[in-house]
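For reference, the structure discussed in these notes is given below.
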Amino acid sequence: MSKKKGKLTSSHYIIPITILLFIGGFAIYHANDYIFKKEKKAAVNRTGKKKIASRKTSDQKIKRVKRNLPSSKYLGEYNINVSGYRGILKLYTRKGQLHGAIRFSTWGKGVTEYLSNISINNSQISFTRSISTIKERKRTGASRFLHQQYFGKYSKTGRVIKGYYIDSGSENIWFATR
């Protein structure tokens, strides 16, 4: 610790290896190439048993990163064609988050499937369509589990998306228009 203008400040040390040590009342651990010290103190709950409580330091506070949302010209409802299956692709924001859904009326039970890992940056889009549980298979009427990764590029106007998707290791074509 060093003293600057009457205040004590702590220093961080860059260490090239991962370390996890418990020394006395301190836990010293490695995170993002820095070592932080976290003081732990014992507290007593209503049953009289001791439990470990921790005091957060300024180094441990999580900073929220403001996510840049895409231009509205990239959002909305599109008619999508995925290897001959025609459906509806919806891209929208809710509470500052990007969301998406896809529905193929002639595939499975024709229900809405919610997309994950949606990213729209610099006129490029990527998202994941996944059916990974028995409950999802029953709800959608899928004959198999699937994990499809979609990649595409918007036209300058944002009215057309063309791209490819990966399913079981093979690449296939998809496009969407509005």
Side-chain angles (χ1 to χ4, degrees), residues 14 16-20 27 29-36 38 54 56-178:
I14 297 176
I17 58 174
T18 300
I19 300 172
L20 177 61
Y29 59 98
H30 179 270
N32 294 331
D33 293 332
Y34 291 92
I35 290 182
F36 300 104
K38 184 177 180 183
S54 63
K56 289 186 178 181
T57 64
S58 62
D59 295 328
Q60 296 161 323
K61 290 181 181 173
I62 298 171
K63 293 180 182 176
R64 289 195 177 254
V65 177
K66 185 178 178 182
R67 230 173 128 165
N68 291 333
L69 294 176
S71 167
S72 60
K73 76 177 183 181
Y74 299 134
L75 303 176
E77 190 172 295
Y78 291 83
N79 295 311
I80 189 169
N81 186 314
V82 178
S83 297
Y85 288 98
R86 296 176 189 267
I88 302 294
L89 170 67
K90 291 182 182 180
L91 300 167
Y92 56 97
T93 58
R94 185 184 322 144
K95 296 182 181 180
Q97 296 285 327
L98 185 57
H99 296 274
I102 198 166
R103 186 175 62 82
F104 299 100
S105 60
T106 60
W107 184 86
K109 293 182 178 178
V111 299
T112 299
E113 301 170 49
Y114 297 97
L115 306 173
S116 62
N117 304 320
I118 306 165
S119 175
I120 300 174
N121 290 311
N122 300 326
S123 74
Q124 295 185 358
I125 183 171
S126 63
F127 57 87
T128 302
R129 176 185 177 218
S130 179
I131 298 174
S132 57
T133 65
I134 293 172
K135 185 177 179 180
E136 287 175 325
R137 274 184 67 185
K138 287 179 182 177
R139 186 182 75 78
T140 61
S143 60
R144 65 180 178 94
F145 295 111
L146 61 90
H147 182 85
Q148 297 175 337
Q149 294 178 293
Y150 287 72
F151 304 92
K153 184 162 179 69
Y154 285 91
S155 65
K156 288 183 181 184
T157 62
R159 298 182 60 78
V160 177
I161 311 169
K162 293 181 181 179
Y164 68 96
Y165 69 100
I166 300 171
D167 183 16
S168 301
S170 65
E171 286 187 13
N172 300 288
I173 302 296
W174 71 279
F175 64 91
T177 59
R178 51 174 162 169

Below 3.5 Å, can you tabulate the donor-acceptor pairs from side chains in residues 120-127 to any protein atom, sequence neighbours excluded?
from: Asn121; atom 1: ND2; to: Ser119; atom 2: OG; distance (Å): 3.0
from: Ser123; atom 1: OG; to: Lys153; atom 2: NZ; distance (Å): 3.1

Open item on the list: Testing Tyr150, Tyr74, Tyr154 one by one against Ile161 for a side-chain contact (heavy atoms from CB on, under 4.5 Å), which residue passes?
Closed with: Tyr154

Task: Shortest non-hydrogen contact between Tyr78 and Ala176, atoms and distance - done: CB-CB, 3.8 Å

- [ ] Over all heavy atoms of both residues, which pair between Ala101 and Tyr114 is shortest? Give the atoms and the distance, please.
- [x] CB-CD2, 4.0 Å

- [ ] Report, as yes or no, whether the 6.0 Å neighbourhood of atom OH on Tyr92 holds more than 12 heavy atoms from other residues, nucleotides or ligands.
- [x] yes

Task: Ile166 and Glu171, any side-chain heavy atoms less than 4.5 Å apart - done: yes

Task: Closest approach of Leu75 to Arg178 (non-hydrogen atoms, all atoms of both residues) - done: O-NH1, 2.7 Å

Open item on the list: With rounding to the nearest 0.5 angstrom, report the CZ to CD distance, Arg139 to Glu136.
Closed with: 7.0 Å

Open item on the list: I need the minimum non-hydrogen distance between Leu69 and Gly96, along with the two atoms involved.
Closed with: CD2-O, 3.6 Å

- [ ] Report the C-alpha distance between Thr106 and Arg86 in whole Å, list the side-chain angles of each, state the deciding distance to 0.1 Å, and finish with yes or no for side chain to side chain contact (heavy atoms under 4.5 Å, CB included).
- [x] CA-CA 8 Å; Thr106 60; Arg86 296 176 189 267; 6.0 Å; no

Task: Atom NZ of Lys162: over 12 foreign heavy atoms under 6.0 Å - done: no

Task: Straight-line distance of Thr140 OG1 to Arg103 CZ, nearest 0.5 Å - done: 13.5 Å

Open item on the list: Using 0.5 Å steps for rounding, measure from the CD atom of Glu113 to the CG atom of Leu146.
Closed with: 7.0 Å

TODO: Quick one: pull up OG1 in Thr93 and CD1 in Ile118 and give me the separation to the nearest 0.5 Å.
DONE: 11.0 Å

Open item on the list: Would you compute the distance between atom NZ of Lys90 and atom OG1 of Thr112 and round it to the nearest 0.5 angstrom?
Closed with: 6.5 Å

- [ ] Determine, stepwise, if the pair Thr128 / Gln149 fulfils side chain to side chain contact (heavy atoms under 4.5 Å, CB included).
- [x] CA-CA 5 Å; Thr128 302; Gln149 294 178 293; 4.3 Å; yes

Task: Closest contact, heavy atoms only, Leu98 versus Pro70 - done: CD1-CG, 4.0 Å

- [ ] Could you tell me whether the side chain of Thr177 reaches within less than 4.5 Å of the side chain of Asn81, counting heavy atoms only?
- [x] no

- [ ] To the nearest 0.5 Å, tell me how far Arg159 CZ sits from Lys73 NZ.
- [x] 12.0 Å

TODO: Check whether any side-chain heavy atom of Asn79 sits under 4.5 Å from a side-chain heavy atom of Ile88, and report yes or no.
DONE: yes

- [ ] Test Trp107 against Val82 for side chain to side chain contact (heavy atoms under 4.5 Å, CB included), laying out the working first.
- [x] CA-CA 11 Å; Trp107 184 86; Val82 178; over 6 Å; no

- [ ] Determine whether Ile134 and Phe145 make a side-chain contact, defined as any pair of heavy atoms from C-beta on separated by less than 4.5 Å.
- [x] yes

